[in-house]
Amino acid sequence: MVTSSENRESLSSGERAELVQALAEQRELLLLTVRGLTDAEAARRTTVSELILGGIVKHLARGERVWAQIMANGDGELPDRMVDLGQYRMADGDTLDGLLAEYAVGTRALERAVAAQPGLDRTVPLPKTLWSPPETVHWSGRRVLLHLIRETAQHAGHADMIREVLDGANTTAQR
């Protein structure tokens with residue numbers, strides 16, 4: 001769907017801007033948590049969980065790109081690698097700097113997709129996955145942003161705990 005620029009709410013004010021800003025604040029907390037880490041530290045498992053700091057960054061980077069595609073295309077098609085479980089691990093050749101660069105790319109893609117929407121009430125069909133209900137589910141742009149805020153905040157909390165076990169650092173002390 002193509003809309004004129006006058007139909008798009010600016011990302012500098014209003015509800016859309018507030019939700020994008022709330023997401024940006026959660027991203028910033030995550031970025032504080034991984035600041036100053038080596039690739040080996042980002043790949044180190046420090047708890048009984050399989051989660052690692054680099055894997056969290058990789059997962060959130062993939063998530064932002066996937067949701068940008070879902071919002072932009074609005075076709076209900078499953079984006080490439082949306083359900084790839086490898087997104088939670090650092091693969092051979094992955095670096096924390098590279099994953100952070102991918103996260104920045106995903107962030108920009110999502111913000112462009114949000115800015116291009118005619119409004120937050122516009123709904124898109126969600127892709128079918130193994131855990132989807134049989135009927136097609138539609139989410140509004142608002143619901144997508146709220147989901148990403150929750151997802152990012154949850155994983156930023158995981159990351160804070162992993163980092164504290166790794167070397168005693170925590171987000172609060174780094175602010």
Pick from [options]: which one makes a side chain to side chain contact (heavy atoms under 4.5 Å, CB included) with [X]?
X      : options                      : result
Leu30  : Leu53, Leu100, Val57, Thr171 : Val57
Pro125 : Asn73, Ile70, Val137, Thr136 : Thr136
His158 : Thr47, Ile56, Thr33          : Ile56

I want to check something: taking the side chain as every heavy atom from C-beta on, are [X] and [Y] in contact at a cut-off of under 4.5 Å?
X      : Y      : value
Ile52  : Ile162 : no
Leu145 : Arg142 : no
Val114 : Met71  : yes
Gln26  : Glu151 : no
Leu120 : Leu19  : yes
Leu37  : Leu166 : yes

Presence of salt bridge, Arg27 and Glu111, under 4.0 angstrom: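 Salt bridge between Glu111 and Arg27, a charged N being under 4.0 Å from a carboxylate O: yes.
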Salt bridge check, Glu102 against Lys58: does any charged N sit closer than 4.0 Å to a carboxylate O? no
Is there a donor in the side chain of Thr123 and an acceptor in the side chain of Ser140, or the other way round, less than 3.5 Å apart? no
I'd like to know if the side chain of Arg65 pairs up with that of Gln69 as donor and acceptor (distance under 3.5 Å, no hydrogens or angles considered).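 Per modelled atom types, Arg65 and Gln69 side chains form no pair under 3.5 Å.
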Least distance between heavy atoms, [X] atom then [Y] atom:
X      : Y      : answer
Ala113 : Ala68  : CB-O, 3.6 Å
Ser132 : Pro127 : OG-O, 3.6 Å
Met90  : Leu96  : CE-N, 3.9 Å
Gln117 : Arg16  : O-NH1, 2.9 Å
Leu31  : Tyr103 : CD2-CD2, 4.1 Å

Out of curiosity, [X] [atom1] to [Y] [atom2], how far, rounded to the nearest 0.5 Å?
X     : Y     : atom1 : atom2 : result
Gln21 : Glu25 : CD    : CD    : 4.5 Å
Glu41 : Thr46 : CD    : OG1   : 11.0 Å
Leu23 : Glu28 : CG    : CD    : 11.5 Å

Donor-acceptor under 3.5 Å ([X] side chain, [Y] main chain):
X      : Y      : answer
Asp160 : Asn170 : no
Arg45  : Ser49  : yes
Glu64  : Leu60  : no
Asp75  : Glu77  : yes
Arg163 : Arg35  : yes

Quick one: sort the Trp139 and Trp67 rings into parallel, tilted or perpendicular, breaks at 30° and 60°.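 Parallel: the ring planes of Trp139 and Trp67 meet at under 30°.
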Step by step, would you call Arg122 with Val124 a side chain to side chain contact (heavy atoms under 4.5 Å, CB included)? CA-CA 7 Å; Arg122 177 184 180 252; Val124 294; 3.5 Å; yes
Linked, directly or transitively: Leu126 and Leu146 (ILVMFWY side chains, under 4.5 Å):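 Leu126 clusters together with Leu146.
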